[in-house]
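Written out below as structure tokens is the structure these notes cover.
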Amino acid sequence: MQLLIYLIVYPVLLLISILPFRLLYILSDILYFLVYRIFGYRKKEVRENLSLALPHLSNQERLVIEKKSFKHLCDMFLEMIKTMSISSEEMDKRFAFKNLDVYDSLEKNGKSIALLCSHYASYEWVVSMNSKVSFKGYGIYKKLNNKYFDSLVRKIRSKFDAELIPINRTAEVIASNYSKNIKSLYGLVSDQSPQIRSQNYWHDFMGIEVPVYVGAELLSKKYDMNVVFLKVTKVKRGFYEAELEVLSTNVKVVPDFELMDIFLQKVEQQIIEAPEYYLWTHKRWKHRGKNPNSKN
């Protein structure tokens, strides 16, 4: 059944990927109408998240952001498919890095690099960075249930020399590379909602106490990596700019969890500046009020 679904869907994806961008965005507008107007995909979750994170805005203001966020979501989904056929030259025009010299200077330090990203703007096209660096690039991802689509996703992203690591193998791969002295770049999307455990670290994100993924910080400290934040800005439809901000070049002296605090603060700043480009469909605040260590 998995193969049958793949064989039916793959030609459609391939056809979409070769569309000119003008037609791609017309298709995106149609997709938005279906996803938002007809099916109401996760509309309830988005509305709740916006209400929690942006309570100072009126219902009408949040509704405007809601609609824009769904339009952006549809754009980004089709842009991900477009990656199948996009040329390196076209990608360079549409996803531009403002200060790669900052990254180059970190490579000269001779330590692997943890690149902290968030579900903001175009996190899918971040993989294009791997074609511009010397270190081996890895992206951490959640493996798809359908093995054929999982293979396709890995193939698409390897187009720009990125290798995907299933999230459950992250520590294993990093440890292996460290033991072999293989300098690497690890892309870590670190604003997800982890499972609740008694040892979770909790922090206010958009004014709401939530558990925080600290794997990026723990691995960076254990294997002495430089840590940078990648700030992605949507310039206009189909065009993005990425800027690197160094968080630490000496992680072992940074107080515990301070790196994650700084990371979340930077994500908050992006959301406040242009909330419509955040991925409001994921349940980032689903564990609010459940801190087992809270005194309240």
Side-chain angles (χ1 to χ4, degrees), residues 25 28-29 31-37 39-80 94-98 115-126 187-194 202-213 216 228-245 247 259-289:
Y25 291 124
S28 181
D29 291 338
L31 183 62
Y32 163 75
F33 179 79
L34 294 173
V35 169
Y36 182 74
R37 300 288 187 183
F39 299 111
Y41 170 73
R42 291 201 175 184
K43 188 184 290 188
K44 180 180 178 181
E45 287 84 355
V46 170
R47 200 159 288 178
E48 181 180 15
N49 284 341
L50 287 170
S51 179
L52 287 168
L54 304 170
H56 59 288
L57 299 181
S58 67
N59 290 337
Q60 184 59 39
E61 288 171 322
R62 288 197 294 268
L63 182 60
V64 171
I65 294 170
E66 177 185 305
K67 292 177 180 178
K68 288 182 177 179
S69 72
F70 272 99
K71 288 180 179 179
H72 172 68
L73 179 66
C74 293
D75 279 1
M76 191 173 61
F77 174 70
L78 293 183
E79 287 167 359
M80 177 186 68
R94 292 182 173 272
F95 198 93
F97 290 88
K98 295 174 63 176
L115 184 77
L116 303 191
C117 312
S118 68
H119 288 93
Y120 188 88
S122 179
Y123 47 90
E124 288 292 341
W125 278 357
V126 171
L188 300 147
V189 181
S190 300
D191 62 332
Q192 305 101 317
S193 182
W202 292 69
H203 181 76
D204 279 0
F205 181 52
M206 298 300 292
I208 305 163
E209 189 182 39
V210 292
V212 178
Y213 263 124
V228 294
F229 172 66
L230 188 68
K231 179 181 179 180
V232 181
T233 304
K234 188 169 186 174
V235 179
K236 60 181 180 179
R237 196 174 201 182
F239 291 86
Y240 304 87
E241 283 185 344
E243 184 175 6
L244 292 151
E245 300 180 17
L247 299 189
L259 282 174
M260 301 317 300
D261 289 350
I262 295 171
F263 165 73
L264 289 177
Q265 288 167 8
K266 290 186 176 296
V267 178
E268 283 186 351
Q269 291 171 5
Q270 288 186 286
I271 293 173
I272 291 169
E273 290 171 6
E276 61 267 31
Y277 302 134
Y278 192 61
L279 185 65
W280 295 104
T281 53
H282 76 313
K283 300 177 181 180
R284 184 61 189 92
W285 294 274
K286 65 182 178 181
H287 296 312
R288 65 189 184 281

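Nothing fancy with the numbering, it's 1 onward along the sequence.
Between Asp75 and Glu79, some side-chain heavy-atom pair lies under the 4.5 Å cut-off. Glu209 is not listed as a side-chain neighbour of His203, based on a closest heavy-atom distance of 4.5 Å or more. Using a 4.5 Å heavy-atom threshold, the side chains of Trp285 and Met206 count as touching. Side-chain contact check for Val126 versus Leu230: some heavy-atom pair is nearer than 4.5 Å. Taking the side chain as every heavy atom from C-beta outward, Val210 and Asp204 never approach each other to under 4.5 Å. In this structure, the side chains of Val267 and Phe205 come closer than 4.5 Å at one or more pairs of heavy atoms.
A distance of 12.5 Å separates CZ of Phe70 from OG of Ser28, quoted to the nearest 0.5 Å. Annotation: the span from Gln269 atom CD to Ile271 atom CD1 amounts to 10.5 Å, rounded to 0.5 Å. To the nearest 0.5 Å, atom CG of residue Leu188 and atom OG of residue Ser118 are 12.5 Å apart. Summarising the geometry, atom CG belonging to Leu247 is positioned 6.0 Å from atom CD1 belonging to Ile262; distances are rounded to the nearest 0.5 Å. Distance check, rounded to the nearest 0.5 Å: CG of Asn49 to NZ of Lys283 gives 9.5 Å. Note that OG of Ser193 and CZ of Arg288 are 10.5 Å apart. Values are rounded to the nearest 0.5 Å.
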After noting the C-alpha distance and the side-chain angles of Tyr36 and Leu73, does the key distance pass the side-chain contact (heavy atoms from CB on, under 4.5 Å) rule?
CA-CA 10 Å; Tyr36 182 74; Leu73 179 66; over 6 Å; no
Begin from the C-alpha positions of Val235 and Tyr240 and carry the test side-chain contact (heavy atoms from CB on, under 4.5 Å) through to its verdict.
CA-CA 5 Å; Val235 179; Tyr240 304 87; 5.7 Å; no
One pair to check against side-chain contact (heavy atoms from CB on, under 4.5 Å): Ser122 and Lys234. What are the steps and the verdict?
CA-CA 8 Å; Ser122 179; Lys234 188 169 186 174; over 6 Å; no
One pair to check against side-chain contact (heavy atoms from CB on, under 4.5 Å): Leu34 and Phe39. What are the steps and the verdict?
CA-CA 6 Å; Leu34 294 173; Phe39 299 111; 4.1 Å; yes
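Considering every non-hydrogen atom in both Arg42 and Thr281, the closest pair reads NH1-O, 2.9 Å. Across Tyr213 and Ser190, no two heavy atoms sit closer than the pair CB-O, 4.3 Å.
Partners of His287 according to the side chain to side chain donor-acceptor pair (under 3.5 Å) rule, which considers only residues two or more places apart in sequence or in another chain, do not exist here. Contacts of Gln192 classified as side chain to side chain donor-acceptor pair (under 3.5 Å), with partners at least two apart in sequence or in another chain: none. Listed by chain and number, the residues in a side chain to side chain contact (heavy atoms under 4.5 Å, CB included) with Arg94 are Phe21, Tyr25, Glu90, Trp125, Phe239 (sequence neighbours excluded). By the side chain to side chain contact (heavy atoms under 4.5 Å, CB included) test, Leu57 is found to be paired with Leu54, Glu61, Arg62, Ile65, residues two or more places apart in sequence or in another chain being considered. Residues passing the side chain to side chain contact (heavy atoms under 4.5 Å, CB included) test with Ser69, sequence neighbours excluded: Val46, Trp280. Among residues two or more places apart in sequence or in another chain, the side chain to side chain contact (heavy atoms under 4.5 Å, CB included) test is passed with Tyr123 by Met76, His119, Leu279.
Taking a 6.0 Å sphere around OH of Tyr32, one finds it holds more than 12 heavy atoms contributed by other residues, nucleotides or ligands.
Between the side chains of Tyr278 and Glu268, no donor-acceptor pair of N or O atoms lies under 3.5 Å. If you check the side chains of Gln270 and Tyr277, you find no donor sitting under 3.5 Å from an acceptor.
For Lys231 and Glu243, the salt-bridge test fails: no basic side-chain N is under 4.0 Å from an acidic carboxylate O. Salt-bridge annotation for Arg47 and Glu66: present, with a side-chain N of the basic residue lying under 4.0 Å from a carboxylate O of the acidic one. Using a cutoff of 4.0 Å between basic side-chain nitrogens and carboxylate oxygens, Arg284 and Asp191 are not scored as salt-bridged. Under 4.0 Å is where a charged nitrogen must lie from a carboxylate oxygen, and between Asp29 and Arg37 no such pair does.
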